[in-house]
There are 2 protein chains.
Amino acid sequence: MATIYEIAQEVGVSPSTVARALRGTGYCSKEKYDKIIAVAKRLNYAPSHAARSLKSKRTNKILFLIPDIYNPFYFGMIKGASDVLDQNGYYTILCHTRGDKGMEKKMLRSLKEGYGDGMIFVSFDFNKENIDAVNACALPVVLTNNYQSLSGNDHFDCVYIDTFEGIYMACKYFISQGFRKIGYIGGDTTVQTGRERFAGFLKAMNEGNVPVNQNFLKEGDFSRDSGEKSMEEMISARSVPEALVVANDLMAIGALKACKKHGLHIPQDVAIIGMDNTDLATCTVPELSSINMKEEDIGRYAAELLMERILKGRKEKRTIRLQPELFLRGSSRREA
Amino acid sequence: MATIYEIAQEVGVSPSTVARALRGTGYCSKEKYDKIIAVAKRLNYAPSHAARSLKSKRTNKILFLIPDIYNPFYFGMIKGASDVLDQNGYYTILCHTRGDKGMEKKMLRSLKEGYGDGMIFVSFDFNKENIDAVNACALPVVLTNNYQSLSGNDHFDCVYIDTFEGIYMACKYFISQGFRKIGYIGGDTTVQTGRERFAGFLKAMNEGNVPVNQNFLKEGDFSRDSGEKSMEEMISARSVPEALVVANDLMAIGALKACKKHGLHIPQDVAIIGMDNTDLATCTVPELSSINMKEEDIGRYAAELLMERILKGRKEKRTIRLQPELFLRGSSRREA
DNA sequence: AAGATATATGGCACCGATACCATTTAATTG
DNA sequence: CAATTAAATGGTATCGGTGCCATATATCTT
């Protein structure tokens, strides 16, 4: 690949002049400018990204870590963020971590090494290890979870939606509709996001004085298959709730499928509310009621927080909290 | 961020020694090694990616351009590719182009500037402009389409699955089952992949001596909504085919929804076959018959082609062609 | 016309690693 | 024990830009 030196030699000017011409800043006569551009094109010149960012300390790239590319919930976040980043002249570089802690650390190290100017970090679970890694890299990182600082020394931003509140409001709705046999298919409670959701369920049940039936409680892994399996288990154990809150849409669809397969009608036999309100929710028959987790807003805010740090030099920590909304569709209607 | 020079000064050795110690190659006494590592940790050192790749001319990154992050078809490709790349110590950097030609060119320029060591390029459509851009950057690029070289001078690799064949085999199946009123919801025929699919439909109909009814032909944009809208149009025009081939799963699901909404039974009233065989195909009731486009294999082969070029220095052009498979499920069964 | 300002261009240090060579000291060998 | 060879370390050019300063004209002021 050609360099500015080769172009300079060819045209008969100094490398400085070539650099100015190609960058379009600083003085350069029309005559030389044209020559330089022509030669650059002929030699198929492209400025070296490495050389530029070595000197200028900027890459114009933002890393975006997502734990599960099969989950449509994250698409909205990506869209929201990349819209904002695009507008500010930043590239969005996605990285699929699969929730793997090793991969996350690897990418945080890469950030520290200057792969990008900042990061939007989505993870199923934040623990001391990856939080330490976040703090260790001096570049701005935004977490999209509700991270309760343990040390108080964390200096990163957060934007998150209250998942606890989401499940809570779904349960409350069922209770307000007179349901008493309410089930819950949750996610992995060894990770934060799974725990929060389950806590929302318990609080609503408690407040509504609705007994928690252990047979109506299942734990999946946020995949459709695990939702289907959980429902199958309840059906074959002959303990099927009348209303079911599911911790994400994928599992809700799995549960819905299992019900249909065994002749249970939705919502007459089992009313279902999912979570995330993804595109999938309107793909089913009946359409799935779901909790809107405003993922596009999360992405947009996360990008804005980054831009504030990078472009405006903000130093102090900021946290943004969003409220979920319940979208009622066919799957949760109470029979008259 | 600390540099090897600062560490060298602190420990009292030369930068060369620090570099050797940190990289773990070359000679270094245990005593100094330990000191260097300790100081590096204390100063929170991270090697500068820019400096390293400027000198070494390698980034260990592969760019992966996807046109639509809402389409699960691409996830398998990403998975297949990143598995192979991971194994070889390369990062997969995803970039969502939204099929935007400007964005594609921007990323090809970035590649040329040395942002990555190679690229897997997925696009709805390849035209002279972006093909020229591919040829212009001396780094290896793999296209995941069937690109018919016009100039014969192209030096990039391709791995693709025959979409023509896919639609063709779906139509042939319907014809073999005795269907004569066969409809088709296609994609944008101004782009290559849309044209190929439509050609497959026409060839099968022609070979089977089945008349093509214009009322059964619709053109969508590969989104679920457009599939729904197309079907709605046929229904309200009272010209509904008995069998329907749809150019991707998303549109097929849209069509399925429209049918259900208007009381048409699947597959009794309308038999449907989708394309891509994504996870979505098993989310519907009945499950959607679909054409398996082997996206994970495409991704894997694409990554392998890149690795051959980068690690083994292959120069000559290679093209890999895969054959689709028909997966029959509930949505296409012929009534007895 | 003298001084100020704008335009045009070149020179060079620098960013932070890597690659390679030179030098010194320690260990091995016939 | 001299001759090799291995181990340990330092020195320095280099990658390809950017940023800043110096210099030389050209144009504009009053």
Side-chain angles (χ1 to χ4, degrees), chain A residues 1-37 39-40 43-61 109-117 137-139, chain B residues 1-37 39-40 43-61 109-117 137-139:
Chain A
M1 200 64 72
T3 69
I4 54 169
Y5 299 95
E6 298 171 47
I7 296 174
Q9 187 146 42
E10 185 104 2
V11 178
V13 295
S14 76
S16 304
T17 306
V18 174
R20 257 179 322 223
L22 291 172
R23 225 176 325 144
T25 67
Y27 295 116
C28 183
S29 65
K30 183 84 177 68
E31 175 205 15
K32 302 218 162 139
Y33 175 84
D34 289 342
K35 267 192 199 162
I36 289 167
I37 297 299
V39 172
L43 296 184
N44 191 20
Y45 170 83
S48 155
H49 176 258
R52 171 176 293 166
S53 77
L54 173 59
K55 179 71 184 180
S56 69
K57 311 272 193 191
R58 293 168 101 256
T59 67
N60 279 310
K61 313 242 145 89
R109 183 152 34 82
S110 291
L111 177 65
K112 198 169 139 188
E113 290 175 2
Y115 265 55
D117 299 335
C137 69
L139 295 169
Chain B
M1 198 67 71
T3 70
I4 54 169
Y5 299 95
E6 298 170 46
I7 297 174
Q9 185 146 43
E10 185 105 1
V11 178
V13 294
S14 76
S16 306
T17 305
V18 174
R20 255 174 285 132
L22 291 172
R23 223 177 325 143
T25 66
Y27 295 118
C28 183
S29 65
K30 182 85 178 72
E31 176 205 14
K32 301 219 162 137
Y33 175 85
D34 289 341
K35 266 192 199 163
I36 289 167
I37 296 299
V39 172
L43 296 183
N44 191 21
Y45 170 83
S48 155
H49 174 258
R52 170 176 294 166
S53 77
L54 172 60
K55 181 70 184 177
S56 69
K57 311 270 191 193
R58 292 167 101 255
T59 66
N60 280 308
K61 286 192 285 196
R109 183 151 34 80
S110 287
L111 177 66
K112 197 169 140 189
E113 290 175 2
Y115 194 67
D117 299 335
C137 68
L139 296 169

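Quick note on labels: first sequence line is chain A, next is B, and so on, each numbered from 1.
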First of Gly12(A) and Tyr5(A) reached from the 5' end of DNA chain C, by closest nucleotide: Gly12(A)

With axes from five pairs an end, tell me the bend angle of the helix from dA1(C)-dT30(D) to dG30(C)-dC1(D), nearest 10°. 30°

Taking side-chain contact (heavy atoms from CB on, under 4.5 Å) as the definition, give me every residue that meets it alongside Lys55(A), ordered by chain and number, with sequence neighbours left out. none

Who are the side chain to side chain donor-acceptor pair (under 3.5 Å) partners of Asp117(B), not counting sequence neighbours? Thr59(B)

Need one value for Tyr33(B): base, sugar-phosphate or nothing, where a base atom within 4.0 Å counts as base even if backbone is also close, heavy atoms only. nothing

State, to 0.1 Å, how close Pro47(B) and Arg52(B) come at their nearest heavy-atom pair, and which atoms those are. CB-NH2, 3.5 Å

Selection residues 3-17 of chain A - residue pairs positive for salt bridge (charged side-chain N to carboxylate O under 4.0 Å, His left out), sequence neighbours left out: Glu10(A)-Arg42(A)

Over all strands shown, is Ser16(B) touching base, sugar-phosphate only, or nothing at heavy-atom distances under 4.0 angstrom? base

Strand contacts (DNA chain C) in residues 48-58 of chain B, 4.0 angstrom heavy-atom criterion: Ser48(B), Ala51(B), Arg52(B), Leu54(B), Lys55(B)

Taking only residues two or more places apart in sequence, or in another chain, which ones meet Lys112(A) in a side chain to side chain donor-acceptor pair (under 3.5 Å)? Asn44(B)

For Tyr115(A), ring pair (Phe, Tyr, Trp, His ring centres under 6.0 Å) partners two or more places apart: His49(B), Tyr91(B)

Search all heavy atoms of Leu111(B) against all heavy atoms of Leu139(B) and return the closest pair with its distance. O-CD1, 3.1 Å

Outer limits of DNA chain D sitting under 4.0 Å from a non-hydrogen atom of chain A, read 5' to 3', are dG16(D) to dG19(D)

Would you mind telling me which residue lines up with the more 5' stretch of DNA chain C, Arg20(B) or Tyr45(B), judged by nearest nucleotide? Tyr45(B)

Going by the rule side chain to side chain donor-acceptor pair (under 3.5 Å), which residues pair with Thr3(B) if we only count those two or more places apart in sequence or in a different chain? none

Partners passing side chain to side chain donor-acceptor pair (under 3.5 Å) against Arg58(B) (at least two apart in sequence or in another chain): Tyr90(B)

Mapping Ser29(B) and Ile4(A) to their closest nucleotides on DNA chain D, which lands nearer the 5' end? Ser29(B)

Please step through side chain to side chain contact (heavy atoms under 4.5 Å, CB included) for the pair Ser110(B) and Lys61(A), ending with a clear verdict. CA-CA 11 Å; Ser110(B) 287; Lys61(A) 313 242 145 89; 4.0 Å; yes

Taking any atom closer than 4.0 angstrom to a non-hydrogen atom of chain A, what span of DNA chain C does the protein reach, first nucleotide to last? dA6(C) to dG16(C)

Donor-acceptor pairs under 3.5 Å, side chain of residues 12-23 of chain B to any protein atom, not counting sequence neighbours: which ones?
residue: Ser14(B); atom: OG; partner: Ser16(B); partner atom: N; Å: 3.4
residue: Ser14(B); atom: OG; partner: Thr17(B); partner atom: N; Å: 3.3
residue: Ser14(B); atom: OG; partner: Thr17(B); partner atom: OG1; Å: 3.2
residue: Arg20(B); atom: NH1; partner: Tyr27(B); partner atom: O; Å: 3.1

Which part of the nucleic acid, if any, lies within reach of Ala46(A) when heavy atoms closer than 4.0 Å are counted: base, sugar-phosphate only, or nothing? sugar-phosphate

For the SG atom of Cys137(B) and the CZ atom of Arg109(B), what is their distance to the nearest 0.5 Å? 12.0 Å

Calculate, to the nearest 0.5 Å, the distance between atoms CD1 and CG belonging to Ile4(A) and Leu43(A) respectively. 13.0 Å

